[in-house]
Amino acid sequence: MIVIINPSEPRTSKAYQDTLKALKALPNVEVREHHIQGTEESVTEIYLLGATHHVSKENIEALPAVAKVIRISQQYKVLGRHDSNQPDLGFEYNGVKFNQDNLNVCAGLCAVDSRESVEAMMKALQQHGLTCTRMGAYKPRTSPYSFQGLGKACLDYIFDLAGKYDIKVIAMEVTHERHIDEIDETLERLGHPTGVMLQVGTRNAQNFELLRAIGNQTRYPILFKRGFGISLDESLNATEYLAHSGNAKVIFCLRGMKSLFGSPHRNLADFAHVPVIKRMTRMPVCIDPSHSVGSLDKSPEGINDVFHATAQGVIAGANLVLVDFHPEPAKAVVDAKQAIPLEQLGWYIDDIMIAREAFEKRKRLAEHQTS
Ligand code: PEP
Ligand code: MN
């Protein structure tokens, strides 16, 4: 059961405290408070877990600070959408808004290889008015003999350069909780020139201890990549580990499923699930066309498959695009085949805008239908 508190009710008020006290007195019911800082307003939701089937919805609705009570299924208690009117779990981080209605782009390096690549990338982003990026410092690789990422050694110049080029949010995968400490320490020492969104890689989608560690902090929002060989239900339950641990600022990223049926693409693009995630949950939805497609082969029109896949996700209402670029793709040490050359950044953004405008038009068309 979710008890939604009146948005105008401060947590210090007598009405709120009396409500909380009454809920805590319910036998065999665990009470969990969730304060959600949305993009427009903050919402307090109180979750009643356990033996709630005997609890009367009407009695709870009569408590002084309560706006509404929703009975929830066992599924995805915090991040799930239990009522079509429930607010989404959008948030603002370091001045950038992420929600189920808008669109941001994190174009950047799959793996950081040098200060020069980072600088060229960020300079181009600034020239195109973009304030988010991706920078892989800790790389989970299939072979232990492959380049493992520069790790802590590259954080100083990534964050310094982000400050220089006004980059506000960097999506960065962490594969161990010690990486969060390294990010903390570096940002602190440099005076927080930028922000980081912690990325959970597809290979760690069910690394429950890592999920708990990442969910245990609220300094950084989280970009969760769907597990490539597990069911959607299993991936959504994994995101619930993050929220259950305390962090509901989670973006769900579709990145293609591992399947030989996806060939010749690297993975089978699953972007038809953009509206599905929005319907089933309250998380903003990201697409990663680079790791879905894996190459830059072109259609007869001269448009490469990563552009095409991006358009498919954006026209379906995606809220974030995570995409690999490189100033010299041939020299990229990880995933060189899928890195879009930096000089195509302007073209790529223009192409995204066409798909986004088409999505807006589709939304307006749907609003004018009577049934
Ligand atoms: C990545 O985004 O760098 C990455 C490794 O992606 P995934 O975890 O989806 O394979
Ligand atoms: Mn990669």
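Note that the numbering runs from 1 along the sequence shown for the chain. Everything numeric in this text was worked out from a predicted model, so none of it was measured.
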Return a table of donor-acceptor pairs under 3.5 angstrom between the side chains of residues 275-283 and protein atoms on other chains or two or more places apart.
| from | atom 1 | to | atom 2 | distance (Å) |
| --- | --- | --- | --- | --- |
| Lys278 | NZ | Gln100 | O | 3.2 |
| Lys278 | NZ | Gly317 | O | 2.6 |
| Thr281 | OG1 | Ile277 | O | 2.9 |
| Thr281 | OG1 | Met283 | N | 3.2 |
| Arg282 | NE | Gly80 | O | 3.1 |
| Arg282 | NH1 | Glu45 | OE2 | 3.0 |
| Arg282 | NH1 | Pro87 | O | 3.1 |
| Arg282 | NH2 | Glu45 | OE1 | 3.1 |
| Arg282 | NH2 | Tyr47 | OH | 3.4 |
| Arg282 | NH2 | Val78 | O | 2.9 |

Going by atom type alone, with no hydrogens or angles, which donor-acceptor pairs under 3.5 Å involve a side-chain atom of residues 334-344 and a protein atom two or more places apart or on another chain?
| from | atom 1 | to | atom 2 | distance (Å) |
| --- | --- | --- | --- | --- |
| Asp335 | OD1 | Arg266 | NH1 | 3.2 |
| Asp335 | OD2 | Arg266 | NH1 | 3.2 |
| Asp335 | OD2 | His291 | NE2 | 3.1 |
| Asp335 | OD2 | Gln338 | NE2 | 3.3 |
| Gln338 | OE1 | Arg266 | NH1 | 2.8 |
| Gln338 | NE2 | His291 | NE2 | 3.4 |
| Gln338 | NE2 | Asp324 | OD2 | 2.7 |

Mind listing the side-chain donor-acceptor pairs of residues 111-124 below 3.5 Å, one per line with the distance, residues two or more places apart or on another chain?
| from | atom 1 | to | atom 2 | distance (Å) |
| --- | --- | --- | --- | --- |
| Asp113 | OD1 | Ser117 | OG | 2.7 |
| Asp113 | OD2 | His326 | NE2 | 2.8 |
| Ser114 | OG | Glu116 | N | 3.4 |
| Ser114 | OG | Ser117 | N | 3.1 |
| Ser114 | OG | Ser117 | OG | 3.0 |
| Glu119 | OE2 | Lys164 | NZ | 2.8 |
| Glu119 | OE2 | Tyr165 | OH | 2.5 |

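Under the 4.5 Å side-chain heavy-atom criterion for Ile, Leu, Val, Met, Phe, Trp and Tyr, Leu223 and Leu103 are members of the same hydrophobic cluster.
The residues Glu30 and Arg32 are annotated as salt-bridged, a charged nitrogen and a carboxylate oxygen being separated by less than 4.0 angstrom. A salt bridge links Arg356 with Glu360: the closest approach of a Lys/Arg side-chain nitrogen to an acidic carboxylate oxygen falls below 4.0 angstrom. Residues Asp83 and Arg81 are not paired through a salt bridge, judged by the lack of any N-O separation under 4.0 Å between the basic side chain and the carboxylate.
Heavy atoms of other residues, nucleotides or ligands lying less than 6.0 angstrom from CZ of Arg141 number more than 12. Enclosure of atom NZ in Lys152 is not indicated, since only 12 or fewer non-hydrogen atoms of other residues, nucleotides or ligands lie within 6.0 angstrom. In the displayed structure, Glu177 atom CD is contacted under 6.0 Å by at most 12 heavy atoms of other residues, nucleotides or ligands. Atom CD of Gln126 is surrounded by more than 12 heavy atoms from other residues, nucleotides or ligands within 6.0 Å.
Among pairs with a residue in residues 101-145, those fulfilling ring pair (Phe, Tyr, Trp, His ring centres under 6.0 Å) read Tyr138-His179, at least two apart in sequence or across chains. Sorted by first then second residue, the salt bridge (charged side-chain N to carboxylate O under 4.0 Å, His left out) pairs that include residues 302-318, not counting sequence neighbours, number zero.
Every ring pair (Phe, Tyr, Trp, His ring centres under 6.0 Å) that Phe224 has, sequence neighbours left out, goes to Phe252. With sequence neighbours left out, the side chain to side chain donor-acceptor pair (under 3.5 Å) criterion links His82 to no other residue. With sequence neighbours excluded, no residue satisfies side chain to side chain donor-acceptor pair (under 3.5 Å) with Tyr241. Under the side chain to side chain donor-acceptor pair (under 3.5 Å) criterion, Asn204 pairs with Asn207, not counting sequence neighbours. The salt bridge (Lys or Arg N to Asp or Glu O under 4.0 Å) test applied to Lys225 returns Asp288, not counting sequence neighbours. His192 is linked by a side chain to side chain donor-acceptor pair (under 3.5 Å) to Glu188, counting only residues two or more places apart in sequence or in another chain.
Between the side chains of Ser299 and His308, a donor-acceptor pair is found at a separation under 3.5 Å. Between Arg212 and His244, the side chains place no donor N or O within less than 3.5 Å of an acceptor N or O (distance only, hydrogens not considered). Side chains of Tyr220 and Asn247: a donor-acceptor N/O pair is absent below 3.5 angstrom, by distance only.
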Assess whether side chain to side chain donor-acceptor pair (under 3.5 Å) is satisfied between Tyr76 and Asp233, documenting all intermediate values.
CA-CA 9 Å; Tyr76 331 131; Asp233 175 61; 2.6 Å; yes
Run the side chain to side chain donor-acceptor pair (under 3.5 Å) check on His53 and Arg71 step by step: do they pass?
CA-CA 9 Å; His53 39 283; Arg71 279 211 186 269; over 6 Å; no
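Partner of Met135 under the side chain to side chain contact (heavy atoms under 4.5 Å, CB included) criterion, chosen from Leu155, Ile167, Val196, Leu109: Leu109.
In this structure the side chain of Ile222 never reaches within 4.5 angstrom of the side chain of Lys249, judged on heavy atoms.
Applying the 4.5 Å side-chain rule to ILVMFWY residues, one finds Met1, Val3, Ile5, Tyr16, Leu20, Leu23, Leu26, Val29, Ile46, Leu48, Val55, Ile60, Leu63, Val66, Val69 in the same cluster as Val31.
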